[in-house]
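Reading through the C-alpha cells given below for one structure.
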There are 2 protein chains.
Amino acid sequence: MSRSNPKVLSTLERAGGFASAQEVYRLMQREGQSIGLTTVYRSLQSLVNDKIVDVLRRDDGEAIYRLCGDAHHHHLVCKGCGDTVEIEGGAIEKWAKTMAEEFGFREVGHTAEIFGLCQRC
Amino acid sequence: MSRSNPKVLSTLERAGGFASAQEVYRLMQREGQSIGLTTVYRSLQSLVNDKIVDVLRRDDGEAIYRLCGDAHHHHLVCKGCGDTVEIEGGAIEKWAKTMAEEFGFREVGHTAEIFGLCQRC
DNA sequence: TCACAAATGAAAATGATTTTCATTTCCATA
DNA sequence: TATGGAAATGAAAATCATTTTCATTTGTGA
C-alpha cells in the first residue's frame, strides 16, 4: 500500500480540481517536477480510497479525478469540456429515502450525476 | 462506413439488451457464430450512430451497449450482499431535466444509484 | 461475366492503466 | 551514528479494450 504523494493532490488542485492521471502527470512534467507516471496513478487511487477525490469517466473511457468538497452535492458534468457544476439534489434526497424505506434498506447513501453538453460545447 | 451486422444486434438482445463488445463477441463465439471482434465493434458503433443502442461506461471504463427503449431504471444495491433491486426514478427524471435546463445543458443523461443495507444484512 | 463498392477479419497499433521488481528514501531503534 | 526493515518510487513490461490497417471476400448492378 502507498500513501498519496502530496504534490499530486496540489497539482490536481491547480488543474482546477479536475483532470485525468495523464494530465496530472504531463502538468507536473511541464512544471519540472520529477515524478513517475506510476506514482501519479497510485497517488490518485489512494486519494480516491480516502474519499478525497472522486473518479468519473470521460466519454472516451479515460478516468478523470476530481476534488471533492465535503458538503453533499451532486454534479452536472459537460461531456464536451468536462466543466462541472455542483448542484443541490433536494428531490434526490427525498427519492432515495422513500425508495430505501419501501424496500427496507438501512444506512443508505446514493450517487447521482447528470451529464450533457454545456452551452459552449 | 459499414452497416451493422444483424447478428450483433440480435445477440445484444439475447444478452438482455445490455453487454460490452467483448461480451457480445464471446457470446457469439460460444454459440458457434463465426464473426470477428472488429466487426462486432464496428456493428455496435454503427448501432450507436443510428441511435438504436446507447453506450455507457462501466466503472472499470469498459463500454457497455444497451438497447434503447429498454425501460430506463435505477438501482438499489445492498452493500452487504450485493442484491440489487431495479427501481423507478420518476423524481430523478424530473430533477435531471430541471437542473439541465437551469444551466443550459443539452443532450442530457444521468446516473443514480442508491446503496445501503438490505433487511437481511 | 466483370468491375467495383461494401463488408470482413487477422494482425498490428494505440493508449490508458496495472503489475513487477529492483532501487531509494525514511525512520525507529540499538 | 549505524542498521534493518518498511514504505515509496519509477522504469519497463504486461494487460486489456479499442482502433486502425490492409488484404481478402462478398454482393450487386451493368
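Naming: A, B, ... by sequence-line order, numbering from 1 per chain. Predicted model, so just to flag it, every value in this text is computed and none were measured.
Contact annotation: the side chain of B/Leu37 approaches that of B/Gln22 to within less than 4.5 Å [non-hydrogen atoms, C-beta and beyond]. Looking at B/Arg14 and B/Ser10, their side chains come closer than 4.5 Å, going by heavy atoms from C-beta outward.
Contact annotation for B/Leu37: base contact, defined as any heavy-atom pair under 4.0 Å involving a base atom. Within the 4.0 angstrom heavy-atom criterion, only backbone atoms of the sugar-phosphate kind lie near B/Gln45; the bases stay farther away.
No side-chain donor from either of A/Tyr65 and A/Glu23 sits under 3.5 Å from a side-chain acceptor of the other.
With hydrogens and angles ignored, the 3.5 Å screen pairs no side-chain donor or acceptor of A/Asp50 with any backbone N or O of A/Ile52. Of the possible polar contacts, one joining the B/Arg57 side chain to the B/Gly61 backbone as a donor-acceptor pair under 3.5 Å is found. Counting only distance, with no hydrogens or angles, the side chain of A/Ser43 and the backbone of A/Val40 share no donor-acceptor pair below 3.5 Å. Side-chain N or O atoms of A/Thr39 include none that pairs as donor or acceptor with a backbone N or O of A/Ile35 at under 3.5 Å. A donor-acceptor pair under 3.5 Å is formed between the side chain of B/Thr11 and the backbone N or O of B/Lys7.
Spacing between atom OH of A/Tyr41 and atom P of C/dG15 amounts to 13 Å, rounded to whole angstrom units. For the pair B/Gln33 CD and C/dG9 P, the interatomic distance rounds to 11 Å; values are reported in whole Å. To the nearest angstrom, P of D/dT28 lies 10 Å from CZ of B/Arg3. One interatomic measurement links the two molecules: CD of B/Gln29 to C1' of C/dA10, which rounds to 13 Å at whole-angstrom precision. Straight-line distance from the OH atom of B/Tyr25 to the P atom of C/dT8: 14 Å, rounded to whole Å. Nucleotide C/dA10 holds its P atom 10 Å from the CD1 atom of B/Ile35, rounded to whole Å. Rounded to whole angstrom, the span from the CZ atom of B/Arg26 across to the C1' atom of D/dA17 amounts to 10 Å. Going from atom NZ of A/Lys7 over to atom C1' of D/dA8 covers 14 Å, rounded to whole Å.
Between A/Arg66 and A/Glu13 there is no salt bridge, since no side-chain nitrogen of the basic residue lies less than 4.0 Å from a carboxylate oxygen of the acidic one.
Here the nucleotide nearest the side chain of A/Gln22, chosen from C/dG9, C/dA16, D/dT18, is C/dA16.
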request  = Scan nucleotides 20-26 of chain C nucleotide by nucleotide, 5' to 3', and note B when protein non-hydrogen atoms come under 4.0 Å of the base, S if they reach only the sugar-phosphate, - if neither.
outcome  = -------
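Listed by residue number, the members of residues 50-62 of chain B with any heavy atom below 4.0 angstrom from DNA chain D are B/Glu62.
The side chain of B/Asn5 contributes no N or O atom lying less than 4.0 Å from OP1 or OP2 of C/dA7.
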